[in-house]
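Accompanying notes for the structure given below.
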Protein chains: 2
Amino acid sequence: MDPLYLQIAERLARLIRAGTLKRGERLPSVRELAASQAVSQSTAVQAYRWLEDARLIEARPRSGYFVSSRPPRLPEPEASRPESRSRAVRLDQLGQQVLQLSTRDDIISFGAACPGPELFDQERVRRALARAVLRHRDLLCRYPSGPGMEAARRAVARHALGLGCELHADDIVMTNSCMEAISLCLKSVTRPGDVVALESPCYYGFLEILQSLHLRALEIPTHPRHGISLDALQLALETQPVKAVLVVPTLSNPLGASMPVPERRRLAQLVAQHDVALIEDVLYNELSEQEDRRRAVKAFDSSGHVMICGSFSKTVAPGLRLGWVEAGRWGQVLRQTKAVQSGGQTAVLELALADLLNQAGNGAALRQLRATVATRVDAARGLISASFPKGTRVTDPAGGYILWVELPAQLDSVALYEACLAENICIAPGLMFSASPRFRHCIRLGVGGHWGPQHPRALRRIGALAQQLLDAAPLAA
Amino acid sequence: MDPLYLQIAERLARLIRAGTLKRGERLPSVRELAASQAVSQSTAVQAYRWLEDARLIEARPRSGYFVSSRPPRLPEPEASRPESRSRAVRLDQLGQQVLQLSTRDDIISFGAACPGPELFDQERVRRALARAVLRHRDLLCRYPSGPGMEAARRAVARHALGLGCELHADDIVMTNSCMEAISLCLKSVTRPGDVVALESPCYYGFLEILQSLHLRALEIPTHPRHGISLDALQLALETQPVKAVLVVPTLSNPLGASMPVPERRRLAQLVAQHDVALIEDVLYNELSEQEDRRRAVKAFDSSGHVMICGSFSKTVAPGLRLGWVEAGRWGQVLRQTKAVQSGGQTAVLELALADLLNQAGNGAALRQLRATVATRVDAARGLISASFPKGTRVTDPAGGYILWVELPAQLDSVALYEACLAENICIAPGLMFSASPRFRHCIRLGVGGHWGPQHPRALRRIGALAQQLLDAAPLAA
């Protein structure tokens, strides 16, 4: 449970974000707020301080608190310009270290892209699983079927309607994670040495999979707001032996980009024309605040070239460990690959998931989740704007809880990572997100995990440490 | 629940097997049996018929029923002699088809090596999981830790003491199956194109993994009772670029062989001397009736060259989907491979497993399981002896529920498979169990699944169909 002041602050932040409290509007006095919320005045002060830190409100001497008249605005990073040849992936230990540190209780972590348990209705999830266990005890002693329980596959097919896709339950395969789904897709359409095109920067885990499957990464220029450049991708498909394209069209990681709808249609056509597989990761689609961009590229796929992969770890319950895939024209080979790699999942988990997806409360839980992380992202962007070095750029994603921060070019984010770690703060250095030595002056900040009063403090501290490193660094040539 | 007559028959079979009822001894009359078991006389007759079918008892005219004076004895197959070069693995659709058919309710299946749900105490498993869900609801909304819950890893370390291994919980990684564990081991120590030595015939799933990882199979001569030939393996290690050795030292699949203890020690030394990884699958160790052969090769490993892989799908609950691995000197790289491939398992499942392993009842459940499948194997061997063509050989495994049947050389087991399938009976043709075109005259029969009165009938029918095929076949040259 969050502390009281934080609950109040987040409620106010949501009202500001929704426009219910308007820019420049006067807020209740500390005394009024304390009375209306039935809390002490010191709690009310704490709540206002938090909102001030987040640059959502401002104190005017002798006049009280007002909604900030101008939201903090830092420029966004520009589109990336990766090299135009493919590379074998050779990751060092850094990425694994960051992810391991992110799970430690004594670390204030912005290193992972995982949502914290307090963002979910734990009791709702527990009840669904307890019901499944009680009703289907025999399933605990049976080998699960390959593609997963029919009830779960039907619930996923209904869920996919919300992504604009009409899928058949028979064509859906349940997996133990979105990552497993993507790994199965890659295994189904590539052999060692093949080239896979993907966003730049891209999710660290994708590079790990490519390395483990001995695939080459071809990074494509990507815009922080509109996603992968289709012109560049088209050129790559025309000139290089690309076997598969792996993208996150909605709320990509780490950029938070979401492709415009016409681009989605064009992407589906492009892969069909070139007869290559598009592996589409829809992990974050339901976290998008732009309803039209929850629509998957798969919705425009008439030739079966799109393999769509999803999971419920970001939206229903991270600990259930369930994902899914519909592999289009590669359905049969994917089912076989799945049978070889890991068999099926625990059936009662799939039944609990089906139950949760079918419950009316699921939509409300999602709206709540989107609102909660949106206020955090606002707060984090405000703090970055206030305390990071001059010249910093930051993304402005329409949903999710991941920020990509571009620091002045001469900053070494690995040095920043180490300086932060010395103070028990974890960030993800930018070079984790490319197979080539790029993005060394960038960092990724995930704000979906645990969130307490120490987190805004730590964000300010990261800015101060970055400034110190810049002050000590030689000027760029 | 098994029918009443079958429960009585199996109880008597156990008494015969244990020697409590001696060879040649007179059994109670039908009337006496019915009275002592409080069942109808027709049920008692059915029980005796079943035991007769299994050749465990015999009816003597006007004298009643007697324990068979001589148990059925067919010769065992001879040691295999595979080719001495390695091969890329190219499996056809047959194996997947057999395994898919084996799960269908309308098929009488001997095709899979999976135990049926009725062999386990479903209520015990359900209670353990319900407890874990109730006590640890927060874990459902948390990403699981990489190597698995500490409680589970500690329970596995205790379990490994029963295999003669002193393992540290910190070195154990939980997986979603034994197959995942083996796949992780192979990924950790090989690259595409590398050579892996394994038993011949070997488990079909191993060949699938090798194919999926683009590894070459080098099959080593294997004795149906004593397992892989260490002389042949040594020669292979001296002359060929073997990167890993993959074996099932106890109750190998499909042969049911168990290596003598001195051979286990020698195998551990051999891989250490040649500095290659031994991937040891201990899936079936607890099903062995020979207590000394439950001891793992890992127990003799002082150099960390043995990667031991296990699971609880054959001994605790097939539907929990939990396995484990201790990867010796490759522990660090395996943990990373696991993080990339699938993250962790659902935490409450691991806690339920820990609970089940720690319960005093676990040992009793295992004894019961061993006894139940032993009587089935006896019955199946009896039926094979009685109804399969002259010249048939069959293994005599000291535990488990898998029989390897060698039919006369001119028999085509794929034709037999098809003839059986036309009558809704599923068997596994022998060529599934090699990367080279071998064992075409062999079949594997799994008798661990559902077991009813139709199964003995179906076994006799397989024998009759084999005879028909032989009668129609041209004589071997």
Side-chain angles (χ1 to χ4, degrees), chain A residues 93 96 99-100 103 112 114-123 125-126 129-130 133-134 137-146 175-177 179-180 183 187 191-193 205 208-209 211-212 214 313 317-322 335-337 339-349 352, chain B residues 93 96 99-100 103 112 114-123 125-126 129-130 133-134 137-146 175-177 179-180 183 187 191-193 205 208-209 211-212 214 313 317-322 335-337 339-349 352:
Chain A
Q93 304 295 309
Q96 286 285 340
L99 297 181
Q100 273 163 30
T103 64
C114 300
E118 58 279 0
L119 294 177
F120 301 91
D121 183 344
Q122 299 177 13
E123 182 54 22
V125 179
R126 185 198 69 74
L129 182 52
V133 172
L134 190 63
R137 68 189 69 181
D138 61 309
L139 293 176
L140 292 170
C141 292
R142 263 179 215 280
Y143 272 86
S145 82
T175 65
N176 65 39
S177 61
M179 286 296 272
E180 192 199 25
S183 166
K187 276 191 175 178
R191 289 185 57 87
E208 287 190 313
I209 296 185
Q211 176 173 260
S212 118
H214 308 282
S313 296
L320 276 186
R321 309 300 301 142
L322 288 173
R335 264 191 290 278
Q336 285 185 21
T337 313
V340 173
Q341 181 164 308
S342 72
Q345 288 65 240
T346 311
V348 288
L349 298 177
Chain B
Q93 305 295 310
Q96 286 286 342
L99 297 180
Q100 274 164 29
T103 64
C114 299
E118 59 277 3
L119 294 176
F120 301 91
D121 184 343
Q122 300 177 12
E123 181 55 20
V125 179
R126 185 198 68 75
L129 181 52
V133 171
L134 190 62
R137 69 188 69 178
D138 61 310
L139 294 176
L140 292 170
C141 292
R142 262 177 215 281
Y143 271 85
S145 83
T175 64
N176 66 37
S177 61
M179 286 296 271
E180 191 198 27
S183 166
K187 276 193 175 176
R191 289 186 57 87
E208 285 190 314
I209 296 186
Q211 176 173 263
S212 115
H214 307 283
S313 297
L320 276 186
R321 308 300 300 144
L322 287 173
R335 264 190 290 278
Q336 285 184 20
T337 313
V340 174
Q341 183 165 310
S342 73
Q345 289 65 239
T346 310
V348 290
L349 297 177

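The structure displayed is predicted, hence computed values, not measured ones. Throughout, protein chains are lettered first and strands after them, A, B, ... in sequence-line order, and every chain is numbered starting at 1.
For chain A, the nearby parts of B:Ile209 are the backbone and the side chain; heavy atoms of each come within less than 4.5 Å. With a 4.5 angstrom heavy-atom cutoff, A:Leu134 touches chain B via backbone and side-chain atoms both. With a threshold of 4.5 angstrom between heavy atoms, B:Thr103 does not approach chain A through any atom at all. Heavy-atom distances place the side chain of B:Asn176, and not its backbone, under 4.5 Å from chain A. Neither the backbone nor the side chain of B:Leu322 has a heavy atom closer than 4.5 Å to any heavy atom of chain A.
Looking only at atom types and distance, the side chain of A:Gln93 has a donor-acceptor partner in the side chain of B:Gln336 under 3.5 Å away.
With respect to chain B, the highest number of heavy-atom pairs below 4.5 Å among A:Ala347, A:Cys114, A:Ala112, A:Ser183 belongs to A:Cys114. Interface check for chain A: of the options B:Pro144, B:Pro115, B:Pro318, B:Gly116, the most heavy-atom pairs under 4.5 Å are formed by B:Pro318. Note on A:Gln122, A:Gln345, A:Arg321, A:Arg335: by heavy-atom pairs under 4.5 Å with chain B, the leading option is A:Arg321. The choice from B:Ala352, B:Gly146, B:Gly344 that makes the most heavy-atom pairs within less than 4.5 Å of chain A is B:Gly344. Here A:Arg191 is the residue among A:Gln211, A:Arg191, A:Glu180 with the most heavy-atom pairs under 4.5 Å with chain B. With chain A as partner, the option from B:Ala339, B:Ala130, B:Ser313 having the largest number of non-hydrogen pairs under 4.5 angstrom is B:Ser313. Looking only at heavy-atom pairs under 4.5 Å with chain B, the residue among A:Ala317, A:Ser212, A:Cys141 that has the most is A:Cys141. Among A:Ser177, A:Gly205, A:Pro192, the residue with the largest count of heavy-atom pairs under 4.5 Å with chain B is A:Pro192.
Note that NZ of A:Lys187 is 8.5 Å distant from NE2 of B:His214, once rounded to the nearest 0.5 Å.
Side-chain contact between A:Thr346 and B:Thr346: absent, with no pair of heavy atoms (C-beta onward) separated by less than 4.5 Å. Side chains of B:Arg137 and A:Glu123 form a contact here, defined as non-hydrogen atoms less than 4.5 Å apart.
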